[in-house]
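Heads up: the structure comes next, in structure tokens.
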Amino acid sequence: MIMPYRRYAEFSGRSGRQEYWMFFLFNMLVYLVLGGAAAVFFIARAASGDTSTDASVPVVGIVMVGLLVIFALATIIPSLAVQVRRFHDQDKSGWFVLLGLIPYAGGLILFIFMLLEGTRGPNQYGADPRDPYNSDVFR
């Protein structure tokens, strides 16, 4: 789940499906926890009927939103890097990440590519990450 953070800005090499999807799952869990906590604090204030305009905005909710923004910004580069390495695993150029910029369909196209199996054995981008005898993948 945290391997892409250890390879923070490494756009070379390959990453398998498991590495990508575990990283995705970890990020979604963090977004869910931080976003949910922020929402709970803001909803609790609204439900209490507090309509004052003073500076009584729940500090904890603002802190949670701040942490969410910091996490999102810190995750941009590792997210791009793991996607590029995932395309490398399929023997495709990392520039395929730009398909995500296509309105409406780009996310679906990337989703389908991330589901596809990588090429077996070494390719032009490096050794197979699923090869149990290749220790270089985990460095």
ask   = Can you tell me if CZ on Phe111 sees more than 12 non-hydrogen neighbours from other groups inside 6.0 Å?
value = no
inquiry  = Test of understanding: clusters of I, L, V, M, F, W, Y form through side-chain heavy atoms closer than 4.5 Å, transitively. Do Val97 and Leu116 belong to the same one?
reply    = yes
message = Restricting to non-hydrogen atoms, name the atom on Ala38 and the atom on Val65 that form the minimum distance, rounded to 0.1 Å.
response = CB-CG2, 3.7 Å
Distance in Å, Arg86 CZ paired with Leu110 CG, rounded so as to fall on 0.5 Å steps = 12.0 Å
request  = Determine whether Phe71 and Leu67 make a side-chain contact, defined as any pair of heavy atoms from C-beta on separated by less than 4.5 Å.
outcome  = no
query = Are Phe96 and Ile102 connected in a single hydrophobic cluster, I mean Ile/Leu/Val/Met/Phe/Trp/Tyr linked by side-chain heavy atoms less than 4.5 Å apart?
reply = yes
request  = Can you see which heavy atom on Glu10 is nearest to which on Ala81, and at what distance?
outcome  = O-CB, 3.7 Å
ask   = Do Trp21 and Leu29 share a hydrophobic cluster, counting only Ile, Leu, Val, Met, Phe, Trp and Tyr and linking them when any side-chain heavy atoms are less than 4.5 Å apart?
value = yes
request  = Indicate yes or no for a side-chain donor-acceptor contact from Arg17 to the backbone of Met114 under 3.5 Å, with no hydrogens or angles considered.
outcome  = no
task = Grab the two heavy atoms, one from Asp128 and one from Gly121, that are nearest each other, plus how far apart they are.
result = OD2-N, 3.1 Å
request  = Would you indicate whether the side-chain heavy atoms of Pro4 and Arg85 approach each other to under 4.5 Å?
outcome  = yes
ask   = Of all heavy-atom pairs between Pro129 and Gly16, which one has the smallest distance, and what is that distance?
value = CG-N, 3.8 Å
query = What residue among Gln124, Arg14, His88 forms side chain to side chain contact (heavy atoms under 4.5 Å, CB included) with Thr119?
reply = Arg14
inquiry  = Phe113 vs Lys92, test: side chain to side chain contact (heavy atoms under 4.5 Å, CB included). Steps then yes/no.
reply    = CA-CA 10 Å; Phe113 272 121; Lys92 293 178 176 51; 3.3 Å; yes
ask   = Once you round to the nearest 0.5 Å, how far does CD1 of Ile77 lie from OH of Tyr5?
value = 12.0 Å
request  = Could you state whether Ile109 and Leu80 fall into the same hydrophobic cluster, counting links through intermediate Ile, Leu, Val, Met, Phe, Trp or Tyr residues with side-chain heavy atoms under 4.5 angstrom apart?
outcome  = yes
ask   = Going by the angle between their ring planes, with limits at 30° and 60°, are Phe24 and Tyr20 parallel, tilted or perpendicular?
value = parallel
message = As a quick check of understanding, evaluate side chain to side chain contact (heavy atoms under 4.5 Å, CB included) for Tyr31 and Thr75, giving each step before the final call.
response = CA-CA 11 Å; Tyr31 288 133; Thr75 306; 4.3 Å; yes
remark   = Output for pair (Phe11 CZ, Tyr125 OH), nearest 0.5 Å, gives 14.0 Å
request  = Could you check Phe87 against Trp95 for side chain to side chain contact (heavy atoms under 4.5 Å, CB included), going step by step and ending with a plain yes or no?
outcome  = CA-CA 9 Å; Phe87 278 116; Trp95 290 103; over 6 Å; no
request  = Indicate if Val30 and Ile70 have the same hydrophobic cluster label, given that clusters are the connected sets of ILVMFWY residues with side-chain heavy-atom separations under 4.5 angstrom.
outcome  = no
note = In this structure, CG of Leu25 is separated from CE of Met28 (nearest 0.5 Å) by 9.0 Å
request  = Kindly indicate whether the side chain of Met3, heavy atoms from C-beta on, has any atom under 4.5 Å from the side chain of Ser15.
outcome  = no
query = How long is the gap from CG on Leu68 to CG on Leu73, to the nearest 0.5 Å?
reply = 9.5 Å
note = Closest non-hydrogen contact found for Ser79 with Phe23 is OG-CE2, 3.5 Å
